[in-house]
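Beneath this line is the structure, given in structure tokens, with notes to follow.
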Amino acid sequence: MEVHMSLNHSPETQTKLIARVPSITGRELPEWFQAIDNGPSFLRCDERAAWLASEHGLSHGYAAAIVLEHERRRRF
């Protein structure tokens, strides 16, 4: 069964989710980015978010926020 999720948070929601990641997950963003980099080579962000959520027990909202932030920072 394929689960579709939106990676489109409002900028305000994205900022709030990212700010809470360390306290909610117990891991800092660089650790999550490393997990994504070392994980499977998915082409789509929603696939990466689904993997991150299932592999690490994150809610889909936090997984999507982490993947989106990872993509944004990789571009710079």
Side-chain angles (χ1 to χ4, degrees):
M1 180 173 131
E2 189 174 336
V3 177
H4 294 280
M5 75 181 82
S6 172
L7 292 181
N8 298 320
H9 300 114
S10 71
E12 187 177 321
T13 299
Q14 176 69 13
T15 299
K16 289 178 181 179
L17 286 170
I18 289 302
R20 289 189 215 127
V21 164
S23 63
I24 296 293
T25 68
R27 294 171 76 178
E28 297 292 328
L29 283 175
E31 294 176 74
W32 288 116
F33 297 161
Q34 186 174 13
I36 293 169
D37 290 339
N38 293 336
S41 297
F42 294 115
L43 295 177
R44 295 178 19 193
C45 289
D46 61 338
E47 293 172 325
R48 273 183 250 136
W51 171 80
L52 199 62
S54 66
E55 186 72 20
H56 295 280
L58 297 175
S59 73
H60 287 293
Y62 281 105
I66 292 167
V67 168
L68 183 58
E69 192 68 19
H70 181 257
E71 285 298 306
R72 285 181 178 163
R73 292 186 186 192
R74 275 186 12 180
R75 292 183 187 139
F76 296 106

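The figures that follow rest on heavy atoms only: side chains count, while hydrogens, waters and symmetry mates do not. When a residue number appears, it is its place in the shown sequence, counting from 1.
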- Sorted by first residue and then second, give each ring-ring contact (aromatic ring centres under 6.0 Å, His included) pair with at least one member in residues 10-32; sequence neighbours left out.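 Listed by first then second residue: W32-H56.
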
- Grab the two heavy atoms, one from V21 and one from T25, that are nearest each other, plus how far apart they are.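 The pair with the smallest heavy-atom distance is O-OG1, 2.6 Å.
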
In Å, rounded to the nearest 0.5 Å, how long is the span from [atom1] of [X] to [atom2] of [Y]?
| X | Y | atom1 | atom2 | value |
| --- | --- | --- | --- | --- |
| L29 | Q34 | CG | CD | 13.0 Å |
| D46 | W51 | CG | CH2 | 14.5 Å |
| F33 | H70 | CZ | NE2 | 6.5 Å |
| S59 | L52 | OG | CG | 10.0 Å |
| D37 | R74 | CG | CZ | 7.0 Å |
| H60 | S54 | NE2 | OG | 7.5 Å |

- Quick check: does any side chain N or O of E31 sit under 3.5 Å from a backbone N or O of E28, one acting as donor and the other as acceptor?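 Judged by distance alone, yes, a pair lies under 3.5 Å.
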
- Task: Give a yes or no on whether the backbone of P22 and the side-chain of R27 come within a donor-acceptor separation of less than 3.5 Å.
- Result: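 No; zero donor-acceptor contacts below 3.5 Å.
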
- Would you say the side chain of C45 lies within less than 4.5 Å of the side chain of R48, judging by non-hydrogen atoms?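 Yes - at least one pair of side-chain heavy atoms lies under 4.5 Å apart.
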
- Query: Should E69 and L17 count as side-chain neighbours, where that means a heavy-atom distance under 4.5 Å?
  - Reply: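 A side-chain contact is absent here, since even the closest heavy-atom pair is not under 4.5 Å.
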
